[in-house]
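Presented below is the structure to which this report refers.
Values reported hereafter were calculated over all heavy atoms of this structure, with side chains retained and with hydrogens, waters and symmetry mates removed.
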Amino acid sequence: MTSVGSPSLAPQRFPFRFESVLWRIGVLPFAVTPGRTYVDLDDAGVHARFGPYRMDVPLSNIARFAIRGPYRWWRAVGLRQTLGVWDVSLGSSARDGVYLEFVQPQRWAVGRHPALTVTVADPEAFTAALRERGIEGADERR
């Protein structure tokens, strides 16, 4: 994380990856379109937008990241939670995603969630920007 007195890093936007027209149709029931689906990263935190849904996570609450995938296509698309774990996934692609593990569960919608997965188009650039802000992680893709 950026310490007080150090120069801030420029805010960055990371669009989500959409595999094909079929994937776009798959997320339409969630009111998700490419223009309204992205992750903004600034010195304050990660601001994920998935159509009408938003989750804002302070950088101080992100313990680590992991690039994961590929996923099964039927489990990757849309807004979902993993039963028993209750992490949130905002998915538009089965190729890969960035899993953000929280220090403390993040309040969102109807509960508190231990992690967020986003399927940004360029997970390497997103995680490099997280590293610039002091958040470590690994590439755990299969």
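- In this structure, Arg13 CZ and Asp42 CG are separated by 11.0 Å, a value rounded to the nearest 0.5 Å.
- Across all their heavy atoms, Ala31 and Pro52 have their closest contact at O-CD, 3.4 Å.
- The shortest heavy-atom contact between Thr33 and Phe18 is C-CZ, 4.3 Å.
- Under the side chain to side chain contact (heavy atoms under 4.5 Å, CB included) criterion, Ala125 pairs with Phe14, Asp122, not counting sequence neighbours.
- For the pair Arg54/Arg49, a side-chain contact is recorded, criterion being any heavy-atom separation below 4.5 Å from C-beta on.
- To the nearest 0.5 angstrom, Ser8 atom OG is 9.0 Å from Arg133 atom CZ.
- Two different hydrophobic clusters hold Val32 and Tyr71 under the rule that ILVMFWY side chains link at heavy-atom gaps under 4.5 Å.
- In this view, Thr119 and Phe16, Ser92, Ser93 satisfy the side chain to side chain contact (heavy atoms under 4.5 Å, CB included) rule, not counting sequence neighbours.
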message: side-chain contact (heavy atoms from CB on, under 4.5 Å), that's the test. Do Leu116 and Trp108 meet it? Break it down for me.
response: CA-CA 11 Å; Leu116 168 67; Trp108 187 72; over 6 Å; no
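- By the 4.5 Å heavy-atom criterion applied to side chains, Val46 and Leu130 are counted as neighbours.
- Closest approach of Gly51 to Thr37, counting heavy atoms only: N-OG1, 3.7 Å.
- Residues satisfying the side chain to side chain donor-acceptor pair (under 3.5 Å) test with Arg141, not counting sequence neighbours, are Asp96, Glu124, Asp139.
- Legend: residues meeting salt bridge (charged side-chain N to carboxylate O under 4.0 Å, His left out) with Arg68, ordered by chain and number and at least two apart, are Glu140.
- Residues meeting the ring pair (Phe, Tyr, Trp, His ring centres under 6.0 Å) test with Phe65, sequence neighbours left out: none.
- Annotation: side chain of Pro123 is in contact with side chain of Arg17 (closest heavy-atom distance under 4.5 Å).
- To the nearest 0.5 Å, atoms CD (Gln12) and OH (Tyr38) are separated by 15.0 Å.
- In terms of the side chain to side chain contact (heavy atoms under 4.5 Å, CB included) criterion, residue partners of Ala115 (sequence neighbours excluded) are, by chain and number, Asp87, Tyr99.
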Using a 3.5 Å cut-off and no angle test, enumerate the donor-acceptor pairs between side-chain atoms of residues 100-107 and protein atoms at least two apart in sequence or in another chain.
from   : atom 1 : to    : atom 2 : distance (Å)
Gln106 : OE1    : Asn61 : ND2    : 3.0
Gln106 : NE2    : Asp56 : O      : 3.0

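- The minimum heavy-atom distance linking Leu9 with Asp43 is given by the pair N-OD2, 3.1 Å.
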